[in-house]
Each structure stands twice: as structure tokens, then as C-alpha cells.
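Below is one structure, written out as C-alpha cells, with a few remarks after it.
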Amino acid sequence: MSLKKIYVGTDVGSSRTKVAILNANKDLIGYAVEKSGTDFSVTAQTCLKASLEMARVTSKDITKSISTGYGRKNVLFADETKTEIGCHAKGCYHFFPTSLTIIDIGGQDNKIVKIDEKGRRTGFKMNRKCAAGTGAFLEEMSARLDIPLEEMDGLAAQSQNMVKLGSFCTVFSATEVLENIRQGKKVTDIVKGVFFSVIKRVLEMDALTENVVMTGGVVAHNPYLVKMTEEIIGRKILVPLHPQLTGAVGAALYARENDG
Amino acid sequence: MAEEKKIQRKMIKATGEMNRIMADYFYELNEAAKTGEKKIAWCTSVGPAELLRAMGFLVYFPENHGAMLGATRMSTDFIPEANAIGYSPDICSYLTSDVGAYIKGITPLSKAYKGIESVPKPDVLVFNTNQCRDVQDWFAWYANEFRVPLLGIHTHRGVGDVGESHVQSIAKQMQAMVPSLEEISGNKFDLDELKRVVKLSRQCSDLWKEVLDTAANVPAPLTFYDGTIHMGPAVVLRGTQQAVDYYKLLLAEMQERIANNDAAVEGERFRIYWEGMPVWGRLSTHSKMFAALKTNVLASTYCNSWIFTDFDPEDPFTSMAKAYTELFIVRSDKAKEKYIKDMLAFFKVDGIIYHDAKTCPNNSNCRYGMPQRLEKETGVPSLIINGDLNDLRLLSDEQTKTNVEAFIEQLEER
Ligand code: SF4
């Protein structure tokens with residue numbers, strides 16, 4: 001089989017669009033991540049172009065292309081679509097071939113997917129219609145605290161005395177944050193409290209099995225969040241090399257699978 | 001780009017006849033409200049309709065009106081009106097949309113039936129709390145508005161095995177209504193007339209059950225979405241000959257489909273049980289979404305709720321009390337779980353979807369671990385979707401779609 005055969009997975013999330021290119025050996029040879037913006041088709045195309053360049057291949061080499069994510073129907077170059085739940089399961093099983101609980105924290109939603117030792121899905125849950133426990137919650141809080149999003153991880157890691165935020169609701173949490181600022185609490189402690197809130201919202205969605213994987217953009221940019229989660233659940237958490245790309249890799253694996 | 005497949009569910013020929021008898025029903029109510037020639041009782045959907053009919057009332061069901069407000073997607077405009085006068089957005093959205101529509105002076109009946117301008121003014125309101133407490137508050141609001149009597153039956157809730165004491169207490173409450181109903185209607189209670197009506201109601205119920213049971217056939221000749229529309233006569237016309245005649249017609253059509261191996265959803269691959277209320281404003285969207293996945297949502301607790309096998313014309317009060325208490329919604333989780341388990345087996349189901357309807361906890365059976373317990377026991381995979389019966393602000397179509405597609409993918413991979 002020619003290694004020139006390539007498989008494209010495109011994950012159009014509500015916040016970021018990710019493209020992953022695999023060769024016939026299932027090696028990741030090209031990828032790109034961009035803000036999804038307002039025109040999903042164009043963003044997907046831009047990501048594809050960048051990924052092809054990185055992989056040093058051309059669109060003619062594409063054997064099959066599958067899209068996933070919120071904007072999966074907007075990807076003009078996709079032959080088929082799959083849900084992000086299926087693609088995350090597929091992607092994670094590729095990196096960790098055992099029974100898993102997958103926690104994906106995305107820009108506007110999060111999901112918990114369970115797979116058995118053969119990689120078959122046994123159940124899944126997506127969060128409700130609210131920002132609690134998602135990247136959107138972190139964005140809102142970074143705006144409230146007037147801290148750039150990318151600095152939150154470092155600040156949380158410095159906290160000595162975490163502030164507890166009790167509310168489910170993003171608006172109520174913002175009020176709690178303001179209350180803590182008013183009381184003169186340290187920003188580092190508040191940020192850690194914000195992280196803790198995200199983890200709590202996610203963990204209360206479902207019971208975890210033995211092996212836990214965390215994926216998604218929020219995890220990619222906030223490794224301290226994973227460390228905190230490990231402390232809470234009392235065991236090591238698996239994280240793939242490119243946590244933000246797991247869905248796109250899963251989609252590319254589906255494409256590869258269907259090509260015999 | 002992947003093309004959306006255009007498979008749709010097969011249309012039912014009897015629909016025209018159903019529309020005709022439903023139109024007659026609403027025009028008769030409208031006429032009576034205008035002329036006062038016949039008295040009108042408003043009744044909850046699983047309230048003592050037979051007794052009211054036997055006393056000579058025409059019977060109107062606000063929940064049916066609530067469902068119409070939902071299906072026509074008018075609800076979301078009216079709910080805030082009821083919220084503004086103190087009825088929370090968290091309570092039954094049938095109640096809030098119906099009361100809101102009344103305040104605005106608008107009804108979907110006007111659109112569907114030319115010449116009808118408003119809901120038919122009641123002479124009495126009769127509820128049964130067997131389904132929930134919301135109906136009591138709902139009817140109380142109208143009792144105050146119209147200055148008409150409010151009568152009610154208070155049913156025990158969370159019942160495990162329905163015992164003699166439950167049945168007797170409800171039968172007594174029904175009998176106790178008779179003097180008031182005689183006074184309001186101006187008619188004397190006639191036991192033979194009640195027996196006649198209960199007999200017709202039982203026939204309607206038996207036929208409706210037979211219709212729904214045809215879905216056990218593989219492939220199924222009907223869908224849950226057909227059920228939510230064709231249950232109209234079983235709700236509003238039970239106890240009449242028209243309803244009996246209609247279900248004979250519908251049953252014959254379903255039997256013909258079975259004989260011809262005619263599937264309601266072409267190429268049926270998966271069979272799903274729906275637990276909970278329909279999302280009224282999304283009936284067509286959901287029906288198309290499942291059909292495109294070659295999946296038939298073919299049975300539900302909801303449509304089965306108008307099956308009253310306990311009705312016995314020879315013992316009308318006791319048997320009505322029993323039938324209206326044996327209902328799924330009245331029962332304990334243990335009894336409900338046994339019921340669902342039986343249904344999953346009978347309808348040869350591949351998966352079960354629970355609708356967690358934000359404003360109806362009474363019909364949302366996924367909040368106390370039931371899906372997890374049932375999945376463990378039966379091995380039938382389950383999915384919970386968040387939504388509502390009427391309030392479209394409480395659902396995300398995109399999330400529903402992704403959840404459903406992922407669930408079907410999961411079934412494919414089994
Ligand atoms: S059972 Fe639910 S939908 Fe029906 S009236 Fe009661 S609260 Fe409303």
C-alpha cells in the first residue's frame with residue numbers, strides 16, 4: 001500500500017476547527033487548528049490547506065475525508081460525517097487501546113464517553129445547555145478577572161489557598177468571583193477555584209471507570225487542570241499527545257478504517 | 001458534503017377521517033359554548049371523562065389544547081404571559097402556555113377550525129391529580145377566571161401495587177361528585193348511561209391498544225410520531241361511538257401494512273422506545289431525523305397512557321377508579337421499571353430514549369437512576385435527551401441531533 005494515501009479528519013467545534021491528516025500507517029503527518037469563526041466551510045478549508053502543507057502532500061492524495069463536530073455538515077470536502085462522540089472514542093482508543101472513560105472539555109460543551117476493552121462505546125453523556133464546566137465558562141471568568149485566558153493555567157498553579165465557588169450558574173459564579181475580589185482574595189486562589197468548578201461540573205456528569213483520558217482544547221491549554229483532576233480522583237489521567245486533535249484524529253481513523 | 005437522506009415516515013390514510021371527527025368534536029363544543037344548549041365540562045386528560053359524558057356534558061381537555069399550542073410552536077410566545085402573573089417558567093409548560101394564550105385571547109383552534117374564536121367556556125372544571133398537582137392549579141386558575149365550580153379527585157401517588165383501599169378511596173371520590181354534577185348539568189345521574197359510556201371507552205381503549213401493539217411487528221407499521229397524532233380521539237372522544245369506529249379503521253390499516261410487510265420507516269434498522277413526553281414543537285423534525293437514520297421510534301409509555309384495560313361496564317365506578325390509578329404515571333419506580341422492561345421485550349427494542357422534559361418531572365423518569373438500573377438489568381442501551389414538551393427555549397436542536405446520531409452510531413457498533 002502506498003504511504004502516499006492519506007486520510008483526513010476535520011473536527012469543526014463551536015470554538016476551534018481542527019484538521020488531522022494520517023498516512024496509511026495511521027501516523028499523524030499534518031494538522032492545523034484555527035478559530036472556527038463565522039464561516040465554518042472556509043475555516044475548514046484553511047485548516048486543510050495548512051495540514052496538507054505540513055504533511056507535504058496535496059489534496060489529490062486524499063483517499064477519504066470525514067468530518068465531525070458541531071459544524072460537521074459544513075465541511076465541503078468531507079465524504080461522510082460522524083459525531084464527535086464517536087470520533088473522540090475512536091481517537092482515544094487509538095492512543096490507549098483499553099477500556100476507558102473519556103472526558104472531553106470543549107469550548108462550548110463537554111462530554112463523557114465510555115468505551116469497553118474492544119473500543120466499543122457503552123454510553124456517553126453531553127453536558128446540558130449551559131456553559132458550566134466548559135471552555136466558555138473559563139473565557140467568561142478570564143474576562144471578569146481581566147486576565148488573558150492563556151495566563152490562567154500558570155496562575156492557578158501558584159495558588160496556596162483555593163477559593164471555593166459554589167454555584168452551577170455562570171452568572172452566579174461571576175457574582176461569587178466579584179464578591180471574592182471585593183474581599184481582597186488573591187487572584188491565583190480565585191483562578192484555581194474557577195478551575196475546580198469546571199472539574200466539579202464535569203465529574204458530576206457520570207461515574208468514572210478505572211482508566212480516564214482527558215482531551216479537548218481546554219485540557220490542551222491548561223495542563224494544571226489535569227493535575228487538579230488527578231488529585232481529586234486520586235489516580236493518574238491519560239492525556240494524548242495532542243489533546244485538542246483527538247476528535248479530528250478519530251475522524252481520520254474512521255476514514256482509514258473504511259478504506260479496507 | 002454528506003447529503004441529508006430524505007427518508008420520511010409513511011403517511012396514514014385514516015388521518016383524513018381522524019381530522020373530520022376531531023373537527024366535529026371542536027365545532028360541537030364551540031356551538032354549545034355559544035348557545036348554552038349543552039353544558040361543557042373541562043377535564044384532565046386522565047380524569048373521569050366517562051362520568052362527565054354520562055351526565056350529559058360535552059367534555060373539553062385543556063391538555064389537548066396545550067399540546068396543540070406546543071405542536072403549532074405558539075407556546076413560547078405565551079408562556080411569558082403566565083410567568084408574568086406568577087406562574088413560574090419551571091412549572092408545567094402546558095399550564096403556562098395555555099393560561100398565557102387565554103390571557104392573550106389567542107387559540108390554535110381558530111387556525112385549525114374556521115369560525116372558532118376561543119376555547120369553549122366551561123360550566124364546570126374537573127381534575128384528577130393522578131398525573132400531577134399542576135392540573136389542580138391550572139384548573140383553579142380557570143375556575144376563578146370563569147367563576148365556575150371546580151371539582152377534583154385526589155389520587156395517591158407513587159403507588160406500588162394498587163390495592164383495594166386505593167381503589168375504594170378514588171371510587172368514593174368519583175361518586176361524591178355526582179350530586180354536584182347533577183346540579184350543574186341539570187340531569188339526573190343514570191347508572192345505565194354510565195355503563196354504556198364506560199363500555200364504549202373500554203372498546204376504544206382495547207382498539208387503541210391493538211393499534212399500538214401492531215408496532216411489535218418487524219418492521220413496525222407505525223411510529224411514535226403517528227401515535228402522538230392519532231391518540232387524539234382516545235383522549236378527547238373516549239366513551240363515544242366515533243372513537244370506536246375510528247380505531248377500527250386505523251387498526252385495519254395497520255393490519256394491512258403488516259400483511260404487506262409495509263414499514264412505517266423504510267429500511268428499519270433500529271427500534272427505539274421513547275420514555276417521556278413528546279417535544280410537541282419538534283414532532284416533524286424528530287420524525288424526519290430518526291427516519292433518515294432508518295430508525296423507528298415505535299413505542300412509548302406516553303401513547304400507552306390512554307389504555308384503560310380495567311374498565312368494566314358492570315362495575316363502572318370501581319373499575320374507573322382502578323383504571324385511573326393503575327396508570328404508569330401514578331406508580332412507584334419499581335412498578336414503572338417492571339412496565340418498561342416488559343415493553344422493551346414486547347416491542348423488540350434496540351435502545352431506549354428518555355426525554356427529560358424540564359417542566360414536567362411527572363413524565364421524566366430519568367432523574368432518580370432509572371435509566372442506569374434498567375440498562376444494567378436489560379442490557380438495552382439508553383440515552384437521555386434534555387428538552388421540554390412545549391417550551392422551545394429549553395432545548396438545543398443541535399445537541400439533540402448529535403446525541404441521537406451518536407446513540408445510533410453506538411447501536412451500529414454493537
Ligand atoms: S403531567 Fe406534566 S405535562 Fe401533564 S399536566 Fe402535569 S405537569 Fe403538565
Side-chain angles (χ1 to χ4, degrees), chain A residues 10 12-14 40-41 44-45 64-90 93 104 106 108-116 118-131 134 205-207 247 250-251 254 257, chain B residues 1-5 89-90 270 279 288-289 292-293 295 350-359 364 366-367 369-376 378-388 391-414:
Chain A
T10 308
V12 185
S14 51
F40 293 166
S41 307
Q45 196 65 48
K64 187 150 189 178
S65 160
I66 286 184
S67 61
T68 186
Y70 178 72
R72 60 189 176 278
K73 301 268 156 71
N74 297 77
V75 180
L76 302 175
F77 55 83
D79 304 307
E80 270 175 44
T81 65
K82 287 273 176 192
T83 66
E84 50 270 42
I85 289 143
C87 290
H88 274 89
K90 180 78 55 195
Y93 188 73
D104 177 73
Q108 281 184 16
D109 63 29
N110 50 39
K111 37 197 163 293
I112 292 199
V113 189
K114 291 186 178 177
I115 57 176
D116 65 15
K118 294 204 169 118
R120 288 175 306 207
R121 264 174 287 165
T122 54
F124 66 89
K125 280 201 186 131
M126 276 177 89
N127 71 324
R128 289 151 176 249
K129 306 142 285 235
C130 131
T134 73
M205 282 168 68
D206 208 339
Y254 267 120
E257 211 170 63
Chain B
M1 183 163 43
E3 264 278 294
E4 292 266 346
K5 290 159 228 122
D90 291 335
F270 297 111
V279 184
K288 285 180 191 151
M289 168 176 71
L293 295 162
T295 296
D350 299 302
I352 171 168
I353 297 182
Y354 295 83
H355 173 202
D356 191 347
K358 176 79 162 60
T359 71
S364 299
C366 48
R367 297 181 181 182
M370 191 186 291
Q372 287 75 5
R373 287 193 297 273
L374 271 173
E375 186 164 331
K376 205 165 163 209
T378 62
V380 176
S382 62
L383 171 71
I384 299 170
I385 61 169
N386 293 108
D388 192 52
D391 193 342
L392 298 177
R393 298 168 304 180
L394 298 173
L395 54 100
S396 152
D397 287 320
E398 196 47 47
Q399 285 221 7
T400 302
K401 196 158 189 267
T402 301
N403 273 293
V404 166
E405 282 183 22
F407 189 55
I408 300 304
E409 281 176 3
Q410 181 183 330
L411 297 182
E412 279 166 356
E413 285 173 12
R414 267 158 73 88

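Just so it is clear: chains get the letters A, B, ... in the order the sequence lines come, proteins before strands, and each one is counted from 1. Side chains included, hydrogens not; waters and symmetry mates left out as well; all remaining heavy atoms used.
- Between the side chain of Arg121(A) and the main chain of Phe407(B), no donor-acceptor pair closer than 3.5 Å is present.
- For Glu398(B), the part sitting under 4.5 Å from any heavy atom of chain A is the side chain, from C-beta outward, and nothing else.
- The side-chain hydrogen bond (donor to acceptor under 3.5 Å, both in side chains) check on Asp388(B) picks up Ser93(B), Thr359(B), with sequence neighbours excluded.
- Glu409(B) contributes a side-chain N or O that, together with a main-chain N or O of Thr83(A), makes up a donor-acceptor pair within less than 3.5 Å.
- By the 6.0 Å contact criterion, OH on Tyr70(A) is open, its count of non-hydrogen atoms from other residues, nucleotides or ligands being 12 or less.
- Between Arg72(A) and Thr402(B), some side-chain heavy-atom pair lies under the 4.5 Å cut-off.
- Taking the salt bridge (Lys or Arg N to Asp or Glu O under 4.0 Å) definition, one finds that Asp206(A) meets it with Lys114(A), Lys125(A), sequence neighbours left out.
- Only the backbone of Thr122(A) comes within less than 4.5 Å of a heavy atom of chain B; no side-chain atom from C-beta onward does.
- Using a 4.5 Å heavy-atom cutoff, the side chains of Glu84(A) and Glu405(B) are not in contact.
- For the side chain to side chain contact (heavy atoms under 4.5 Å, CB included) criterion with Met126(A), the lone passing option out of Ile385(B), Asn403(B), Ile384(B), Thr400(B) is Asn403(B).
- Of the listed residues (Gly123(A), Gly119(A), Ser67(A)), the greatest number of heavy-atom pairs within a distance under 4.5 Å of chain B belongs to Gly123(A).
- Contacts with chain B were tallied for Arg120(A), Lys111(A), Lys82(A); Lys82(A) has the most, counting heavy-atom pairs under 4.5 Å.
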